[in-house]
There are 2 protein chains.
Amino acid sequence: MVKITDVARHAGVSPSTVSYALSGKRPISEETRRRVEESARLLGYRPHVGARALAGRRTNVLALVVPLRAGINVPVVMRFAVSVVTTARRYDHDVLLLTQEEGEDGLRRVADSALVDALLVMDVQLHDPRLPLLRDLDRPSVMIGFPADSAGLTCIDLDFRAAAEACVEHLARLGHRVVALVGSPPEVYVRQTAFAQRVVQGFTAAADRNRLSSAVHPCEATPAAARTVAEQLLREQPALTGVVVHNEAVLEPLIDAFEELGLRVPGDLSVTAICPDELAENIRVPVTSVALPSAEVGTRAVELLMKKLGGTTVPEATLLPPRMTERASTAPRELA
Amino acid sequence: MVKITDVARHAGVSPSTVSYALSGKRPISEETRRRVEESARLLGYRPHVGARALAGRRTNVLALVVPLRAGINVPVVMRFAVSVVTTARRYDHDVLLLTQEEGEDGLRRVADSALVDALLVMDVQLHDPRLPLLRDLDRPSVMIGFPADSAGLTCIDLDFRAAAEACVEHLARLGHRVVALVGSPPEVYVRQTAFAQRVVQGFTAAADRNRLSSAVHPCEATPAAARTVAEQLLREQPALTGVVVHNEAVLEPLIDAFEELGLRVPGDLSVTAICPDELAENIRVPVTSVALPSAEVGTRAVELLMKKLGGTTVPEATLLPPRMTERASTAPRELA
DNA sequence: GTGAAAGCGCTAACAT
DNA sequence: ATGTTAGCGCTTTCAC
């Protein structure tokens, strides 16, 4: 293993000069800096992270806590994780993967043992048991999602309320007067996940504002449930012509079910969704949707964390504005 | 921060005794051990991993390299990753997440900087550029998948050849005489991923052994491609009654396509697959399948790594035997 | 602008 | 069975 003293000897300077030349934490003559960098490169020097952590109280490692519970969308989590790792690397940081299962103990463990400098927590619940811990921890953290009380925390997410409103406004502009929201599985609401509730709030508010008749239906993540909901919708709202779907798993089955029930999309029924673009684009009828920007959230979250590590204060709440793409699933209401 | 000297003072022993009592690396009187553990618990002592790594040359962190390229199945990767993290925790280890993108540099970086003790590499190619590095590294590693030459490496994977054979044997036993394999997207073969080729070999060998007429078709991961392949199959092998699918993305679309072309599954056509059980169970026609045991592979891979870290020699190759579950998609051939 | 030297908290070899 | 102590490789005063 090549260490800092090796580089120092090779460059003809002292170890501390190597350290400073490489970190830039104090002025070094251009000439020395060059020689040191050259030597480090030549010898393939990699600072021992343990030693660095011990002396400098920095590991350059971030913790990422991923959920693995029912109702979460795996590709979304994965995309998010990859974007976190990629962005972290741009800031010369690595990422330690923790599962939700480890809970508060896991967070405390990696923080107290100085394994990580900062934490990124996904899938935050309205009354998340980890919040007090995260507030107290001496290490900065960023949460993906919003709890009921986000004071003292840094949170980021898609503006789900605005996303739902955008969907409804779009349908209203197309002349639709009776709309429904097909939402997440019931357990998501029971768990009190903020984003699901915000979608409902945005949906309802926008529907009321536009004087639309509206209804909300949670839906299990199975094709059978989609079919059931479709039938129920037509029974309870016979004049229904606009649907907002916030449930990746049933988007396609739902459209199938509607068509099997004799409704053409978008001829008889306009469908919009809040889902990853990738999904919206690749189903039989490409769906007008508000994107779930997992990659962007990941990038932004890491950037927030880096600012906090650097001592900069960052806004407590970051809401990413919805971005809607019109596709083949929405059309003006056909007047009977 | 509470450190080992704090615990030592509290327990009335020396720091080294605390270290030994906690690690069990030398005999400690029952009485002392108990006192030390009690003090550690009471004070909430967490060894500083940096200090431990520096002194003990062990970080208790594993690197996991995940693929993120075209043609890989995201939920499978995620399930695998979660099982790796969970198993690693059972051995008191954490997991650092690396992306394939970082390539050899990434591996060298985390190894040289003593960030990790060992490496787990997914999605190994037949002629993987990382192999020489992994052979040379002073740190143990385990690969998921098999390269062309696995000498000197530790590899583990489902026995894909046996899996394909099991599918064909199953069809043969049911009386089918003309069979086809719908395989991975062409790029997977071009990349020379071993498992795809082994499936082809197993399929062909078993078909020949049973004197079945057979054909192999790569297939893009889109419903349109599935449709095209289905049509092509019926055109080129009009007597086709058995299909093996090794391509998660098109399993359901393919069955849909066959039925739209007038073939009932399993009435006219028996379908088997090599895919995650979760997928096989949850499509319209539950499919007889050989499971893709991502979670088991993850667990076993970590166990192998732990043995290697402990100095035990482990077999170079571990092939998990296929496990087939019969479902609704296969039936005896109807004699016309 | 650069160097010398004191630790950071832990483990393990060396004592007893 | 336990204690003493010398580092592990780095960062960061403190000195010049």
Side-chain angles (χ1 to χ4, degrees), chain A residues 1-37 39-40 43-61 92 109-115 117 138 309, chain B residues 1-37 39-40 43-61 92 109-117 138 309 311:
Chain A
M1 181 199 194
V2 32
K3 37 197 169 192
I4 200 169
T5 51
D6 299 329
V7 179
R9 192 170 333 109
H10 188 274
V13 296
S14 75
S16 64
T17 298
V18 174
S19 177
Y20 285 122
L22 262 27
S23 73
K25 290 193 182 174
R26 86 177 180 191
I28 295 283
S29 76
E30 179 55 33
E31 150 70 1
T32 309
R33 209 187 41 68
R34 246 205 56 281
R35 271 219 323 289
V36 168
E37 276 171 0
S39 299
L43 302 181
Y45 169 62
R46 313 269 189 183
H48 187 292
V49 295
R52 167 176 284 180
L54 191 52
R57 52 217 313 116
R58 275 301 199 88
T59 63
N60 279 29
V61 175
D92 194 32
R109 182 173 58 78
V110 296
D112 285 357
S113 63
L115 228 190
D117 297 335
D138 51 333
L309 280 171
Chain B
M1 181 199 193
V2 32
K3 38 195 168 192
I4 201 169
T5 51
D6 298 330
V7 179
R9 193 171 333 107
H10 188 273
V13 297
S14 76
S16 65
T17 298
V18 173
S19 176
Y20 285 121
L22 262 28
S23 73
K25 289 194 183 174
R26 87 179 180 188
I28 294 283
S29 76
E30 181 54 27
E31 149 70 1
T32 310
R33 208 186 41 69
R34 246 205 57 280
R35 271 220 323 289
V36 168
E37 276 172 2
S39 300
L43 302 181
Y45 170 62
R46 312 270 190 181
H48 187 291
V49 294
R52 165 177 285 180
L54 192 52
R57 48 221 317 118
R58 276 299 202 89
T59 62
N60 279 30
V61 176
D92 194 32
R109 182 173 57 79
V110 296
D112 286 356
S113 63
L115 227 190
V116 304
D117 295 334
D138 50 334
L309 280 171

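Chain letters run A, B, ... following the sequence lines, proteins first, then strands; residues in each count from 1. Only this structure's heavy atoms are used, side chains among them; waters, hydrogens and symmetry mates stay out.
Nearest to the side chain of A/His48, among D/dG9, C/dA12, C/dG3, sits D/dG9. Here the side chain of A/Leu54 is nearest to one of C/dA4, D/dT2, C/dG9, namely C/dG9. Checking D/dC14, D/dG9, D/dT2 against every side-chain atom of B/Thr32, the shortest atom distance belongs to D/dT2. Among D/dT11, C/dT11, C/dG3, the nucleotide with an atom closest to any side-chain atom of B/Arg52 is C/dT11. Nearest to the side-chain atoms of A/Ala55 among the listed nucleotides C/dG7, C/dC10, C/dG1 stands C/dG7. The listed nucleotides are C/dC10, C/dA4, D/dA1; the one nearest the side chain of B/Ser29 is D/dA1.
As a whole-Å value, the separation of B/Leu115 CG from D/dG9 C1' is 14 Å. Rounded to whole Å, atom P of D/dG9 lies 17 Å from atom CZ of B/Arg58.
Below the 3.5 angstrom threshold, one finds a donor paired with an acceptor across the side chain of B/Tyr20 and the base of C/dA12. If you check distances only, the side chain of B/Ser16 never reaches the base of D/dT5 with a donor-acceptor pair under 3.5 Å. A donor and an acceptor atom sit less than 3.5 Å apart, one in the side chain of A/Arg26 and one in the base of C/dT2.
Between the NZ atom of B/Lys3 and the CZ atom of B/Arg9 there is a distance of 9.0 Å, given to the nearest 0.5 Å.
Residue B/Thr17 places at least one side-chain N or O under 4.0 Å from the OP1 or OP2 atom of D/dG3. Close to D/dC10, at under 4.0 Å from its OP1 or OP2, lies no side-chain N or O of A/Ser19. Using a 4.0 Å cut-off, some side-chain N or O of B/Lys25 falls inside it from OP1 or OP2 of C/dA12.
Residues A/Leu43 and A/His10 are in side-chain contact: their nearest non-hydrogen atoms beyond the backbone lie under 4.5 Å apart. Side-chain contact check for A/Leu22 versus A/Val7: every heavy-atom pair is 4.5 Å or farther apart.
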Problem set entry | side-chain contact (heavy atoms from CB on, under 4.5 Å) assessment of A/Val49 paired with A/Thr59 | CA-CA 6 Å; A/Val49 295; A/Thr59 63; over 6 Å; no
